[in-house]
Trainee: 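Following this message is one structure expressed as structure tokens.
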Amino acid sequence: VEEWPGELLLLGVLLSQFYLQAGRNHDAKRLARVILANTQELHLDQHIIGLLATVAEVFLRLGDNESARRILKRFQPSVLADLDIQQQVIRRISNLTLIAARNGTKEQYSEVHHKQLSVLDFDHNNPLDLFQLFGQIATLRQQEEFNEALRVGETLYDRLRSLKGSDDLDTWRSAEDMAITLRAVGDYDRAAQLHVDVRQRREQTLGPDHPDTLASGYGLAVTLYALG
């Protein structure tokens, strides 16, 4: 099968998106698979990677995780680093990989997603970057890889606390997220300490009746119940 030139690939991607938006899912999937079959050996550059990421997104929206995996697995960190891919493209690829992990193929995607994050210049003020890391932790917990989830969570918490301080909304979220992981591994004492600290800080800043403060109280109650 002849490889598609970039112009034809662009046309195919746009048409597959049109089919998807028009509700012609069968045509969208058929065209996306034709694109996939004709781009296996296509030389990757920033433009081609962006287009193939769109094809992966089409597959994910159609529930075809296996085809999406075949594309996303090509975007290994070494490839992204060697091509000096823009950070926004890496964010998009990593986001798609995370979505794929949540769509039922966690074992195939979590390692790839973790490696992709390694070449991302993490921006603590970028909501998408935070989504990536919080999402990775949640995926690891779903896989019952609690020790790895705790490692990533502690790293995130330390970085946020160092850069944003202990009275930042994202730092609080990270602390409570880590408390959930600690509870999963049976470290109820540390989990309770984090819940107490966050609850007190939220109560002082947001007030006792704020939903986030109440959520902290609920998390603390669950942990104390587990402690007996």
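Keep in mind the model is a prediction, meaning the values are calculated, not measured.
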Trainee: Partners of Asp209 by side-chain contact (heavy atoms from CB on, under 4.5 Å), sequence neighbours excluded?
Mentor: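 For Asp209, no residue satisfies side-chain contact (heavy atoms from CB on, under 4.5 Å) once neighbours in sequence are set aside.
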Trainee: By salt bridge (Lys or Arg N to Asp or Glu O under 4.0 Å), which residues pair with Arg61, not counting sequence neighbours?
Mentor: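 In terms of salt bridge (Lys or Arg N to Asp or Glu O under 4.0 Å), with neighbours along the sequence ignored, Arg61 is linked to no residue.
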Trainee: Step by step, work out the side chain to side chain contact (heavy atoms under 4.5 Å, CB included) result for Asp212 and Glu176.
Mentor: CA-CA 11 Å; Asp212 289 348; Glu176 291 227 307; over 6 Å; no
Trainee: Between Leu160 and Asp168, is there a side-chain heavy-atom distance shorter than 4.5 Å?
Mentor: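 Not touching, per the 4.5 Å side-chain cut-off.
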Trainee: What heavy-atom pair brings Leu150 and Thr181 nearest, and what distance separates the two atoms?
Mentor: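 Heavy atoms only, the tightest pair is N-CG2, 3.7 Å.
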Trainee: Return the CD to CD1 distance between Glu145 and Ile137, rounded to the nearest 0.5 Å.
Mentor: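 If we round to the nearest 0.5 Å, Glu145:CD and Ile137:CD1 are 13.0 Å apart.
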Trainee: Only counting residues at least two apart or in another chain, list the ones meeting side-chain contact (heavy atoms from CB on, under 4.5 Å) with Ser166.
Mentor: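 side-chain contact (heavy atoms from CB on, under 4.5 Å) list for Ser166, sorted by chain: Arg161, Arg201.
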Trainee: Work out which heavy atom in Ser174 is nearest to a heavy atom in Gly153; give both atom names and the distance.
Mentor: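 Heavy atoms only, the tightest pair is OG-O, 4.0 Å.
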Trainee: Provide the closest heavy-atom pair for Leu227 versus Ala192 in the form atom of the first, atom of the second, distance.
Mentor: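 Result for this residue pair: CD1-CB, 4.5 Å.
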Trainee: Any side-chain heavy atom of Tyr188 within less than 4.5 Å of one from Leu182?
Mentor: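 Side chain of Tyr188 against side chain of Leu182, heavy atoms only: no contact under 4.5 Å found.
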Trainee: In terms of hydrophobic clustering (I, L, V, M, F, W, Y; side-chain heavy atoms under 4.5 Å; direct or indirect links), are Leu31 and Val13 co-clustered?
Mentor: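 They do share one cluster, since a chain of ILVMFWY contacts under 4.5 Å joins Leu31 to Val13.
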Trainee: From Asp64 CG over to Asn25 CG, what is the distance, rounded to the nearest 0.5 angstrom?
Mentor: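 It comes to 11.5 Å.
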Trainee: Could you report the tightest heavy-atom contact between Ser216 and His195, atom names first, then the distance?
Mentor: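 So the two residues come closest at O-ND1, 4.1 Å.
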Trainee: Same cluster or not: are Val55 and Leu10 linked, directly or through other Ile, Leu, Val, Met, Phe, Trp or Tyr residues, by side-chain heavy atoms under 4.5 angstrom apart?
Mentor: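 Both belong to a single hydrophobic cluster.
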Trainee: Would you say Leu156 and Leu169 are hydrophobically clustered, going by side-chain heavy atoms of ILVMFWY under 4.5 Å?
Mentor: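 No.
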Trainee: Can you name the residues that form a side-chain contact (heavy atoms from CB on, under 4.5 Å) with Glu203, not counting sequence neighbours?
Mentor: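 side-chain contact (heavy atoms from CB on, under 4.5 Å) list for Glu203, sorted by chain: Arg199, Pro208, Thr213.
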Trainee: If every non-hydrogen atom of Ala28 is compared with every non-hydrogen atom of Ser16, which pair is closest and at what distance?
Mentor: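 The answer is CB-O, 3.7 Å.
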Trainee: Is there a side-chain contact between Lys29 and Tyr19, using heavy atoms and a 4.5 Å cut-off?
Mentor: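 No, their side chains stay 4.5 Å or more apart.
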Trainee: State, with a plain yes or no, whether a side-chain heavy atom of Leu14 is found less than 4.5 Å away from one of Thr54.
Mentor: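 Of all side-chain heavy-atom pairs linking Thr54 with Leu14, none is under 4.5 Å.
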Trainee: Measuring from atom CG of Asp167 to atom CD of Gln204, what distance do you get when rounded to the nearest 0.5 angstrom?
Mentor: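 Between atom CG of Asp167 and atom CD of Gln204 there are 7.5 Å.
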Trainee: Give a yes or no on whether the backbone of Arg151 and the side-chain of Thr155 come within a donor-acceptor separation of less than 3.5 Å.
Mentor: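 Such a contact is found between Thr155 side chain and Arg151 backbone.
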Trainee: Is the side chain of Ser162 donor-acceptor paired with the backbone N or O of Arg159 at a distance under 3.5 Å, no angle test?
Mentor: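 Judged by distance alone, no pair lies under 3.5 Å.
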Trainee: Can you tell me how far OG1 of Thr205 sits from CH2 of Trp172, rounded to the nearest 0.5 angstrom?
Mentor: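 That separation rounds to 3.5 Å.
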Trainee: Partners of Asp177 by side chain to side chain donor-acceptor pair (under 3.5 Å), sequence neighbours excluded?
Mentor: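 For Asp177 the side chain to side chain donor-acceptor pair (under 3.5 Å) partners, ignoring immediate neighbours, are Arg141.
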Trainee: Given a cutoff of under 4.5 Å between side-chain heavy atoms of I, L, V, M, F, W and Y, with clusters grown through shared members, what are the other residues clustered with Phe146?
Mentor: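 Grouped by the 4.5 Å side-chain rule, Val185 form the rest of the cluster around Phe146.
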Trainee: Tell me whether Val196 shares a hydrophobic cluster with Leu224, the cluster being built from Ile, Leu, Val, Met, Phe, Trp, Tyr side chains joined at under 4.5 Å.
Mentor: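 Shared cluster, yes.
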Trainee: Between Asp170 and Arg173, is there a side-chain N and carboxylate O pair less than 4.0 Å apart?
Mentor: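 No.
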Trainee: If you take all heavy atoms of Ala191 and Ala179, which pair is closest and at what distance?
Mentor: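 Smallest interatomic distance, heavy atoms only, reads CB-O, 3.5 Å.
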Trainee: State the CD-CG distance between Glu57 and Leu62, to the nearest 0.5 angstrom.
Mentor: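 Result: 10.5 Å between the selected atoms.
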Trainee: Checking Thr223 side chain against Gly219 main chain: does a donor-acceptor pair fall under 3.5 Å?
Mentor: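 Yes; at least one donor-acceptor contact below 3.5 Å.
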Trainee: Following the transitive rule for hydrophobic clusters with a side-chain heavy-atom cut-off under 4.5 Å over Ile, Leu, Val, Met, Phe, Trp and Tyr, establish whether Met178 and Ile180 coincide in one cluster.
Mentor: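 No, it is not one cluster - the side chains of Met178 and Ile180 are not joined through contacts under 4.5 Å.
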